[in-house]
Amino acid sequence: MSIRNFIKISLLVFSLSFMASCGREQSKALEIAANIVDERPDSAYILLKKVDFNSLIGDEDKARYALTHAKANRYLGRSLVTDTIIPIAVKYFKDKGDTIAYLESVIAYAHHLRSIDRKDDAFSFIDSVVCNIPETNQMTLNQELLGFSFSDKDYSRSLDIIERQIRLAEDNNERFNFEIKKITPLVALGRSSDAVALCDSLFALPEAPETGSAEWIYLRVNYAAALGERRETSTKAANILKDAIGQMNGAPAEKLAEFYVPMINLQLNSGNIKGADEYADLIGSLDIDLFYRDPVAASYLEFLKIVLDYEHTGALSLSRLSNTALSLRRVSNDLATKRQERDDALETSYDLSRRNYELTIERQRMWLLIAAVMLVALMLIGIIYMVAHRRRQKLIEAEERIEALTQLSKAAAASSADDKQTLLKKALLQQIGIIRTFAESPTTQNQEALRKISNVGNSDYISDTLVNWQELYPVIDELYDSFHAKLIKDYPGVFSEREIQILCLLRADFSTKEIGVLIQQTSNSVYVSKTSIRKKLNLPPKDDFIAFLTASNRP
């Protein structure tokens, strides 16, 4: 094989590998976006902008992309005008038999049709699908049609769809809930008497909600709304709504305001101006900014106040009417502006993501190589550091032991013969098997320490352990008023053997380093044991537990 052919084949293999890698990355981004779109549509939207639809090979990926993109737009409140590829998802998931994805695609396509002002086509499309799917799935699409009809204020169609849902309902509770939904369109169509009759029949049913429950309050409020459409029944409506409000114990101020506003309307319809004033004052006493929370409700309240002023003064305030209308227009404009700003921000983020996409792929490969090199280097450095650290730690511990033993031997040699600590240190030096330890590293410093220990201890005996504690405890009891014996008697089973050793040495005024050498532990281990002892004695961190143990009046 010639060098030229070898180069061509190498480049081809590299290109194919690169394309496969890009394809895997796009598929991975699409998979993540599809999984998170229901909970985090904003993040899913950004991920989808990194996926080139035209580069997707499989029909499944294309269908998944179309559906996920449409769902992200819907959840973010964006228009589905650009989701022209959603029919791909509708066809694919229908052919595959994926019912959930198919229904989601149908709904998304209907929203796309509505976004391009084809509302009747959207309704007809879902309606045609409903006729060809099992009844168990029809309710989902009917619910979407019900939302369309309410949004379009097509209440005649709303009633037809509700009747469908009632026929498809599996139990009486579902039917009852759909019957309640008929009240609003009936009132909107001027059929308030039918709405009142419906409410009366619902209250008489065995499955009617329990008095005071959320369902009961909801039904009573709708009942009051139906009665309030006629002046002669407005008083009854006001009493019903007042009773419903009385059942809302502990409701937040925002919830109460939702009911106080229509109460003003009902009081006005019934001619009770004083009652209307009282509920207007109640809303004023609530510590809430109603306009900030619900501009529409706030404007509704403002109109009612204008009517109240008219009842009091006999004149309508045109300036207040104009200001209220301007406020509503300003709210509408603000919402449109915020929506546009959000869309612009998302598009800007998309543009930045697209510009950086190719660079990101290259950087990822470069960083993978760098990361591999750094990983190997870090592993080598880590191994070297661990070895060096272990050696250094052993050296430090050896130096501490040497220093402690040197001080121990000096103290034993220099102190007076009748000093308790001197006697104890000499007894320790006589039984410590430290000679063997120092002999293993015959440095000048070690030899000097051995010579001093030999002069003080006057013994050539080498034991298997550093200290023979069974021989040392009687010495401690003799020198320190039976400290060890009292400790065992007063605190049976409380302290471990190691903690008893530390307590005995602390009683003899040994330093932490000296204790570490004698019990063959590091200084840090000694500190940990001291903390454990203090906790077992229930003493604060600063208290001296030796003073506590030797005190005559301790508990």
Side-chain angles (χ1 to χ4, degrees), residues 150 162 165-166 169 171-188 191-305 307-308:
F150 271 102
I162 292 172
Q165 298 292 67
I166 292 173
D171 54 47
N172 290 333
N173 287 331
E174 280 192 354
R175 294 187 189 92
F176 187 88
N177 291 331
F178 282 117
E179 289 285 356
I180 295 176
K181 294 182 184 295
K182 292 167 63 176
I183 298 173
T184 298
L186 285 173
V187 172
R191 297 169 56 184
S192 57
S193 58
D194 292 339
V196 171
L198 174 62
C199 290
D200 290 332
S201 66
L202 292 177
F203 281 119
L205 291 175
E207 57 269 21
E210 183 181 353
T211 302
S213 65
E215 294 79 7
W216 181 85
I217 292 175
Y218 177 75
L219 181 56
R220 296 289 286 180
V221 169
N222 281 274
Y223 189 32
L227 290 170
E229 290 295 308
R230 301 174 62 185
R231 188 174 184 86
E232 57 269 22
T233 55
S234 294
T235 301
K236 181 179 179 180
N239 292 332
I240 290 173
L241 187 57
K242 182 178 180 180
D243 180 50
I245 294 173
Q247 298 289 337
M248 300 170 60
N249 296 325
E254 296 83 356
K255 192 67 176 178
L256 292 174
E258 293 180 9
F259 294 93
Y260 288 165
V261 173
M263 275 296 292
I264 299 175
N265 193 354
L266 294 176
Q267 297 289 355
L268 284 171
N269 285 349
S270 61
N272 186 0
I273 307 302
K274 182 179 179 182
D277 286 331
E278 290 176 355
Y279 279 100
D281 293 338
L282 278 174
I283 295 174
S285 66
L286 297 176
D287 188 19
I288 58 171
D289 186 349
L290 188 59
F291 191 85
Y292 174 78
R293 294 182 177 276
D294 190 348
V296 175
S299 300
Y300 176 30
L301 175 63
E302 187 62 23
F303 279 121
L304 292 175
K305 287 182 176 179
V307 175
L308 266 176

side-chain contact (heavy atoms from CB on, under 4.5 Å) evaluation trace for I166 with I162
CA-CA 6 Å; I166 292 173; I162 292 172; 4.0 Å; yes
Can you name the residues that form a side-chain hydrogen bond (donor to acceptor under 3.5 Å, both in side chains) with R220, not counting sequence neighbours?
none
What side-chain donor-acceptor pairs closer than 3.5 Å can you find for residues 234-244, not counting sequence neighbours?
{"from": "S234", "atom 1": "OG", "to": "R230", "atom 2": "O", "distance (Å)": "2.8"}
{"from": "N239", "atom 1": "ND2", "to": "T235", "atom 2": "O", "distance (Å)": "3.3"}

Separation between CG of N272 and CE of M263, rounded to the nearest 0.5 Å:
8.5 Å
Run the side-chain contact (heavy atoms from CB on, under 4.5 Å) check on Y279 and Q267 step by step: do they pass?
CA-CA 9 Å; Y279 279 100; Q267 297 289 355; 3.9 Å; yes
Would a 4.5 Å heavy-atom cut-off, applied to side chains only, mark S193 and L186 as touching?
no
Is N269 reaching over with its side chain to a backbone N or O of G228, donor-acceptor style, under 3.5 angstrom?
yes
Nearest atoms (heavy-atom pairs only) where N222 meets I183
CB-CD1, 3.6 Å
Taking the side chain as every heavy atom from C-beta outward, state whether L301 and Y260 have any pair of such atoms under 4.5 Å apart.
no
Is it true that, when you exclude E232 itself, more than 12 heavy atoms of the residues, nucleotides or ligands shown sit nearer than 6.0 Å to its CD?
yes
With a 4.5 Å cut-off on side-chain heavy atoms, are I283 and I264 touching?
yes
So, using ring-ring contact (aromatic ring centres under 6.0 Å, His included) as the criterion, who are the partners of F259 when residues are at least two apart?
none
According to salt bridge (charged side-chain N to carboxylate O under 4.0 Å, His left out), does anything in residues 173-184 pair up with another residue at least two apart or in another chain? List the pairs.
E163-K182, E179-K182
Kindly give the heavy-atom pair with the smallest separation between W216 and E210, and that separation in Å.
CB-O, 3.1 Å
For a quick test of reading the model, state the closest non-hydrogen atom pair linking Y300 to P262 and the distance between them.
OH-CA, 4.2 Å
Point-to-point distance, once rounded to the nearest 0.5 Å, from CD1 of I217 to OG1 of T211
10.0 Å
In short, salt bridge (charged side-chain N to carboxylate O under 4.0 Å, His left out) pairs touching residues 268-279 with sequence neighbours left out are none
If every non-hydrogen atom of I288 is compared with every non-hydrogen atom of A253, which pair is closest and at what distance?
CG2-CB, 3.8 Å
Taking side-chain hydrogen bond (donor to acceptor under 3.5 Å, both in side chains) as the definition, give me every residue that meets it alongside N173, ordered by chain and number, with sequence neighbours left out.
none
Hey, does V196 have a side-chain heavy atom less than 4.5 Å from the side chain of T233?
no
Close side-chain approach of F176 and E215, heavy atoms under 4.5 Å
no
For L266, does its backbone N or O pair with a side-chain atom of S270 as donor and acceptor, under 3.5 Å?
yes
So do Y218 and S213 actually touch side chain to side chain, heavy atoms under 4.5 Å?
no
